[in-house]
2 protein chains.
Amino acid sequence: MAVRQNLFRTISSIFQRHGAVTIDTPVFELSEILSGKYGEDSKLIYDLADQGGEQCSLRYDLTVPFARYLAMQGKKEAQQIKRYQIAKVYRRDQPVMTKGRLREFFQCDFDIAGNYDPMIPDAEVLKILSDTLDAVQVPFYIKLNHRKLLDGLFQVCGVEQTQIRSISSAIDKLDKLPWEQVRREMTEEKGLSEVVADRIGQYVLKRDEHILDILEKDEFLMGNEEARQGIADIKLLLEYLDLFGVKDRVRLDLSLARGLDYYTGIIYEAIQTEVEGIGSIAAGGRYDNLVGMFSGTNKRGQPKTIPCVGISVGVERLFSLLMARQDVEKIKSNATQVYVISAGDGLLKERMRLVCELWDAGIKASFMFKNKPKLEKQWNVCEKEQIPFAVIIGKDELDNKQVRIKDMRQKSNQGGGVVVERKEMIDVLKNKLT
Amino acid sequence: MAVRQNLFRTISSIFQRHGAVTIDTPVFELSEILSGKYGEDSKLIYDLADQGGEQCSLRYDLTVPFARYLAMQGKKEAQQIKRYQIAKVYRRDQPVMTKGRLREFFQCDFDIAGNYDPMIPDAEVLKILSDTLDAVQVPFYIKLNHRKLLDGLFQVCGVEQTQIRSISSAIDKLDKLPWEQVRREMTEEKGLSEVVADRIGQYVLKRDEHILDILEKDEFLMGNEEARQGIADIKLLLEYLDLFGVKDRVRLDLSLARGLDYYTGIIYEAIQTEVEGIGSIAAGGRYDNLVGMFSGTNKRGQPKTIPCVGISVGVERLFSLLMARQDVEKIKSNATQVYVISAGDGLLKERMRLVCELWDAGIKASFMFKNKPKLEKQWNVCEKEQIPFAVIIGKDELDNKQVRIKDMRQKSNQGGGVVVERKEMIDVLKNKLT
């Protein structure tokens, strides 16, 4: 928890640096809010038992509840928001501890909602993603693609409109499966012709630094309006990312498709390169129509939607990376700064008076809940809990209105510590603690 | 959320001052873990639907999951713990927003588990309770009682052993109902004789500063072993509370019974006196047998229990009190310190470069996501979001490699702010911000 809280603090502070507020949504939503948003994964949603009243389900991610929240906002100004949320989500999946795949886990989302000029908030989200991963010192790069570019590409290759989502989710598997297998899924399972599949392959398998230039010279592709829009967005985004100093973090990758139904523009996925086996560590994109699914229509019958772009950081995976780096035994789990020790015959009341004085001065202090604790056991607590200072009282110290203060981190022979006047104890400790 | 997070920070910092670590338990538990722990309130537990696998329920409080967690700890040292947890609990109750009664709400628990000498951890818990309520400046007093004293009292008054829990929960209603009504519940509904009811009344209705002395001289009561033990505990506790400087916060109140089944020793409830209608604002007690319900038995067939004492702070009620004190419009909800404003013709890229420089220096900054934002709209954001500083660029500033910095909190006529060399901007702002 010490490591986890530290991670949450780091991430929150970056989100706050960008002006984000946090909101809190309930752990369960009406089941109908969640249905039809997660494609094949809908079967992983946890439902509450029917005990009367509304049918509810545990949230599957933080994006859909955020969109539902936005749709419920009456005031115009509440619909322009930078918000972050660090909270648990629930998936009735087969847990794999080693991969950080759990049934209950934290997500850490940052989103920008509102009608703005193109690609400006998108660029800020990617800047935030970069800063976040830099802050936890995880090496990474960001795969970037655009739903419209992908849709246009599928169209010019000859994919039927009705097949686009299904072919898209096959392509998305290219980070885990070889092309042959994905090709077989598209042709044999999903009935795509081999010619069309191979045309797609020519695009999505291309690995080239200058891929954007190549695509722009591709008259075949640029004849498609959606593809042109996607390319224009990407070019503008890269210009802004350059201003934000993170352009070199990004690689255009036509094989990135993202499974979820609701993305409509830029999509991205951060890949960490520290450890094998854990690939994607954050992902997101633009979803301009999701809020409209909850907010009804305006007078002209159009959905009252709010454009959104955001990122979800896989904190459980980051957490696994951070834990793998540390010696768990050496993590100090509590904040205690001073342990009050009796070197005499118990001295419970004297210890209680003393520890209370420390608390009231704002010093984090503890003592042993025993009438007559053994000296050795008290030392052991200091060591085990890595408490930096001990305040020691014995009969002599009491008689002379003094205490001993010992720096427990110094292994050198400092004997029983330094003797300090009781009335100066707080000042001396505060000095040592800063 | 700004107020709420501030409250959580305040409370956590006090818990940490006392050496507590935090743990995280899942939002759902096996249903069997929760059953039989909450008396009549068990009907308020939310169950998950049966979708295959274990039958689970949402947690009803944080105490039972904590006890379950303790019981699962194999290592002896993990069974001695000071832990706090701030997390949501779930009750299928009729919500009353004005009273802060919700179906999903935060609880904020601090507990000390472990085998210690009598009343020392109990005293620390009450010290923490006092410090917490002092920190949020809520006026309060603490009602104190002891389950054993209460049981002894019922015994000497003539209550059958089998009736004790049921009579106890009737008595617990005395803070909301008049004696006549409680008496009727005991006699007419629960079959207690009128003589016995009136004997009980003589004790539980007594309001006297010196009630402890009176009870100690009561030979009738002191003839009961349990009552004697309860009195001895209370006397020792008061001695320790005196050392901790919080004895005067506590009032012995024989009508305090606490509904939950699992308390075994000292029980208490903090009553705030700021606002009518919201009474109890924190409550807790000692529960020495709860862990034993989950941990099985030792070689001699005795339950392997771990004595515990703790407090649950009603943060939702504290939150209501805090919100009632403030002008919600005046709460700054984001942390943004600087707003980057264009006084010229859009200057989007120049603003982006500038805001990025601020972020990279750790300054919390924002700008308007528009190519050509109107000056007035940018001022409006500063005002609405209470952003203390604006950094303004126009054509002149750009040409001269300068910026204008304006303190937005000064209503006096400071014109367009002060002109600063661009390369000194960060230093000047950091100075102003500290």
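Every chain is numbered from 1, with letters handed out A, B, ... down the list of sequences.
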B/Arg103, part contacting chain A, at a heavy-atom distance under 4.5 Å = side chain

At what distance, to the nearest 0.5 angstrom, does CZ of B/Phe244 lie from CE of A/Met352?
-> 3.5 Å

Engaged part of B/Phe15 at the chain A interface, taking heavy atoms whose separation is under 4.5 Å | neither

If you tally heavy-atom pairs under 4.5 Å against chain A, which of B/Lys370, B/Arg4, B/His18 wins?
-> B/His18

Answer yes or no: are there more than 12 heavy-atom neighbours, outside B/Glu54 itself, under 6.0 Å from its atom CD?
-> no

Quick one: what part of A/Gln51 sits under 4.5 Å from any heavy atom of chain B, side chain, backbone, both or neither?
-> both

Contact list (residues 43-50 of chain A to chain B, heavy-atom gap under 4.5 Å, by number) returns A/Ile45, A/Tyr46, A/Asp47, A/Leu48, A/Ala49

In this structure, are over 12 heavy atoms from other groups packed under 6.0 Å from A/Asp345 atom CG?
-> no

Under 4.5 Å from a heavy atom of chain A, the part of B/Leu58 involved = side chain

Heavy-atom pairs under 4.5 Å with chain B are the metric here; pick the option from A/Arg353, A/Lys372, A/Lys349, A/Lys82 that has the most.
-> A/Lys349

Stepwise side chain to side chain contact (heavy atoms under 4.5 Å, CB included) check, A/Gln16 with B/Asn334 = CA-CA 7 Å; A/Gln16 285 163 12; B/Asn334 67 33; over 6 Å; no

Counting only heavy atoms not in B/Lys235, do more than 12 fall under 6.0 Å of its NZ?
-> no

Per-residue contact mode, A/Leu348 against chain B (heavy atom under 4.5 angstrom) | side chain

Okay, B/Glu239 and chain A: the region with an atom under 4.5 Å from a heavy atom over there is side chain

Which one of B/Ile23, B/Val355, B/Asp242 has the most heavy-atom pairs closer than 4.5 Å to chain A?
-> B/Ile23

What residues of residues 85-93 of chain B sit under 4.5 Å from chain A when only non-hydrogen atoms are counted?
-> B/Lys88, B/Tyr90, B/Arg92

Could you check if a side-chain atom of A/Met1 sits within less than 4.5 angstrom of a side-chain atom of B/Val21, using non-hydrogen atoms only?
-> no

Listed by residue number, which members of residues 112-124 of chain A have a heavy atom under 4.5 Å from any heavy atom of chain B?
-> A/Ile112, A/Asn115, A/Tyr116, A/Asp117, A/Ile120, A/Pro121, A/Ala123, A/Glu124

Among the options A/Thr336, A/Ile14, A/Val27, pick out the one with the most heavy-atom pairs lying under 4.5 Å from chain B.
-> A/Val27

Using a cut-off of under 4.5 Å on heavy-atom pairs, state which of A/Pro26, A/Ala335, A/Ser57 scores highest against chain B.
-> A/Pro26

Is atom CD of A/Gln386 surrounded by more than 12 heavy atoms (other residues, nucleotides or ligands) closer than 6.0 Å?
-> yes

Should the heavy atoms of other residues, nucleotides or ligands under 6.0 Å from NZ of A/Lys374 be counted, would the total exceed 12?
-> no

Contacts with chain B made by residues 356-369 of chain A (heavy-atom distance under 4.5 Å), listed by residue number = A/Cys356, A/Trp359, A/Asp360, A/Gly362, A/Ile363, A/Lys364, A/Ala365, A/Ser366, A/Phe367, A/Phe369

